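Have a look at the structure below, then the notes.
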Amino acid sequence: MQAIVLVGGEGTRLRPLTYGTPKPMVPIMGVPFLARTMERLYAAGIRDVILPAGYMPQAIMDYFGDGSQLNMKITYVIEDVPLGTAGALKNVEQHIHGRFFVLNGDVLTSMNLRGMIAAHEKKGGIGMLHLIRVEDPSAFGCVVHDAEGRISSFVEKPPRETAPTNEINAGTYLFEREILDFIPAGRNVSIERETFPQVIAAGKDLFAYTTDDYWMDLGKPEQYLGAHVDILEGRMPMLDIEPGVPYFAEANVAIDPTAKIGPNVVLGSGTRVGARAVIRSSVLWDHVTVGEGAVIDEAIVASRVRIGSEAVVGKGSVIGHDAVVDDGQVLQPGARLGATEPIKR
Ligand code: GTP
């Protein structure tokens with residue numbers, strides 16, 4: 001079986017991080033998120049992956065190459081203009097040979113792909129959508145289905161009080177090749193807004209696969225940080241991570257013994273933390289320098305950032321690649337610092 005991982009989005013909500021790193025390459029516990037997705041696909045027996053890309057594709061291609069190091073085959077198809085979540089599938093039609101998975105490139109979930117394949121084989125239909133239940137569905141695409149799981153309608157971001165269900169589209173699909181016949185070629189098409197409703201209207205069966213697995217869309221800074229907290233506290237299982245430690249550090253990290261780090265901190269490789277610095281609930285990428293007495297709280301700090309002595313990085317701040325926070329500088333909560341356009345390398 002093949003899998004298509006959608007990796008062409010600009011990741012505007014994660015800016016300025018995505019000015020230096022495309023969203024699929026943003027690290028989760030020190031490993032590019034797409035590499036973790038590849039591991040999951042491999043574990044499900046999938047060896048043939050198609051990546052419709054467009055935004056900073058070189059960073060993805062440089063890392064994964066043709067996939068042979070992972071014992072997989074990776075085909076890249078670059079979009080000159082973004083084609084949307086369904087247009088991207090139509091654009092790779094010539095590479096698709098049969099049944100295939102589609103994964104949103106920014107969904108972290110423990111859902112077992114083999115379980116979904118088995119469910120689809122049992123139910124039949126043109127496709128199956130992974131759904132999860134959330135408390136408040138108002139920010140998501142709700143999916144209504146009957147007791148058999150047959151989907152009848154899609155309601156995008158309904159007000160909480162009138163939401164028809166709390167089951168939402170979790171961004172993993174399993175399709176028969178025939179679904180491609182419903183997608184027009186050569187233009188931007190949204191699978192959620194256009195293709196799914198059209199498939200239903202044509203009388204084709206789409207089934208729901210609702211599970212209680214861990215699920216997080218990594219599209220926004222608070223979700224990215226929240227996912228790390230969930231991994232560090234053991235709610236999202238990850239084979240190489242031991243939950244419950246105050247912080248997770250990669251190679252070559254130097255921490256002054258008087259610094260206070262944790263809970264829920266990730267330190268990328270080559271990070272230096274000075275005396276009396278305090279870091280809480282934050283993710284620091286590679287080669288970040290934290291000066292003496294600096295305070296970082298609930299922040300994301302990209303590669304090679306320098307945080308000066310006695311600087312304060314307010315809650316919810318996002319600091320892009322190579323930025324400098326001066327000695328004594330106070331960043332207000334929710335600050336954004338760094339590049340204002342894609343960094344050319
Ligand atoms: P925002 O700009 O922050 O909304 O992020 P995004 O551009 O990644 O959009 P969104 O989170 O809605 O995208 C969901 C998934 O679809 C991500 O994995 C994107 O990479 C991918 N995606 C979105 N639009 C396109 C597109 O036009 N082409 C391709 N190939 N992938 C896309």
Side-chain angles (χ1 to χ4, degrees), residues 2-28 32-38 40-41 49-61 63-64 74-96 100-109 111 129-130 132 139-142 154 156-157 168-173 175 180 183-196 215-227 300 302 318 320 336 338-342:
Q2 294 174 294
I4 300 173
V5 187
L6 295 169
V7 294
E10 286 190 29
T12 52
R13 293 164 299 160
L14 278 185
R15 287 174 182 170
L17 301 173
T18 45
Y19 282 134
T21 302
K23 190 159 64 169
M25 300 305 289
V26 160
I28 294 287
F33 182 55
L34 184 55
R36 296 199 175 272
T37 301
M38 291 292 188
R40 242 181 106 222
L41 291 169
V49 179
I50 303 165
L51 298 180
Y55 179 73
M56 293 186 143
Q58 200 58 46
I60 304 173
M61 292 156 79
Y63 188 92
F64 292 100
I74 300 179
T75 307
Y76 302 89
V77 179
I78 311 297
E79 293 160 34
D80 297 332
V81 288
L83 291 170
T85 43
L89 305 184
K90 187 70 177 176
N91 195 44
V92 302
E93 186 170 23
Q94 72 275 24
H95 300 291
I96 302 176
F100 60 103
F101 267 111
V102 176
L103 275 63
N104 267 2
D106 55 358
V107 164
L108 176 66
T109 177
M111 187 266 283
L129 279 61
H130 179 218
I132 54 128
F140 300 99
C142 291
F154 295 85
E156 217 27 58
K157 301 190 175 75
I168 62 150
N169 176 356
T172 303
Y173 319 123
F175 293 136
L180 298 169
I183 309 172
R187 69 167 172 90
N188 191 300
V189 186
S190 157
I191 200 158
E192 300 88 347
R193 286 189 291 278
E194 268 187 74
T195 310
F196 288 152
W215 181 87
M216 181 76 91
D217 165 358
L218 301 172
K220 295 191 223 167
E222 54 272 30
Q223 294 165 329
Y224 176 79
L225 273 184
I300 307 168
V318 181
R336 298 285 180 274
T340 52
E341 57 184 63

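Read the numbers this way: they start at 1 and go in the same order the structure lists the ligands and their atoms. Values in this document were obtained by computation on a predicted structure and should not be read as measured data.
- Counting the atoms of ligand 1 from 1 in the order shown, those under 4.0 Å from a heavy atom of Pro82 are 27 (O).
- Of the polar atoms of Thr85, none of the N or O atoms is found under 3.5 Å from an N or O of ligand 1, judged by distance alone.
- Taking a 6.0 Å sphere around CD of Glu341, one finds it holds 12 or fewer heavy atoms contributed by other residues, nucleotides or ligands.
- Remark: ligand 1 and Pro52 share an N or O pair separated by less than 3.5 Å (distance only, no angle test).
- Interface atoms of ligand 1 facing Arg13, defined by a heavy-atom separation under 4.0 Å, are 1 (P), 3 (O), 4 (O), 5 (O), 11 (O).
- The ligand atoms of ligand 1 that sit less than 4.0 angstrom from a heavy atom of Lys23 are 5 (O), 6 (P), 8 (O), 11 (O).
- Between Phe140 and Trp215, the two ring planes are perpendicular [angle over 60°; tilted spans 30° to 60°].
- Annotation: atom 31 (N) of ligand 1 to nearest protein heavy atom, Gly8 N, 3.1 Å.
- The protein atom (non-hydrogen) at minimum distance from atom 24 (N) of ligand 1 is Gly9 CA, 4.2 Å.
- The environment of CZ in Arg193 is sparse: at most 12 heavy-atom neighbours from other residues, nucleotides or ligands sit within 6.0 Å.
- At the top of the distance list for atom 2 (O) of ligand 1, counting protein heavy atoms only, stands Thr12 OG1, 2.5 Å.
- Here the CD1-CD distance, from Ile300 to Glu222, works out to 8.5 Å after rounding to the nearest 0.5 Å.
- The shortest N or O to N or O distance between Leu14 and ligand 1 is not under 3.5 Å.
- Ligand 1 has a nitrogen or oxygen under 3.5 angstrom from a nitrogen or oxygen of Leu6.
- Remark: ligand 1 and Ala53 share no N or O pair separated by less than 3.5 Å (distance only, no angle test).
- A donor-acceptor contact closer than 3.5 angstrom links the side chains of Ser190 and Glu192.
- The atoms of ligand 1 that sit less than 4.0 Å from any heavy atom of Leu83 are 27 (O).
- For ligand 1, one of its N or O atoms has an N or O atom of Glu10 under 3.5 Å away.
- Residue-to-ligand polar distances place Gly105 within reach of ligand 1: an N/O pair is separated by less than 3.5 Å.
- Evaluated by nearest non-hydrogen atom to atom 26 (C) of ligand 1, the leading choice among Gly84, Pro22, Gly54 is Gly84.
- Residue contacts with ligand 1: Gly11 is included, with a non-hydrogen atom under 4.0 Å away.
- Between the side chain of Thr18 and the main chain of Gly11, a donor-acceptor pair closer than 3.5 Å is present.
- Looking at atom 13 (O) of ligand 1, its nearest protein heavy atom turns out to be Asp106 OD2, 4.4 Å.
- Distances below 4.0 Å separate heavy atoms of Val7 from the following atoms of ligand 1: 20 (O).
- Listed for the Arg336 side chain is no donor-acceptor partner under 3.5 Å among the backbone atoms of Gly320.
- Formation of a donor-acceptor pair under 3.5 Å by the Thr85 side chain with backbone atoms of Ile191 is found in this model.
- With respect to atom 30 (N) of ligand 1, the closest heavy atom belonging to the protein is Glu79 OE2, 2.7 Å.
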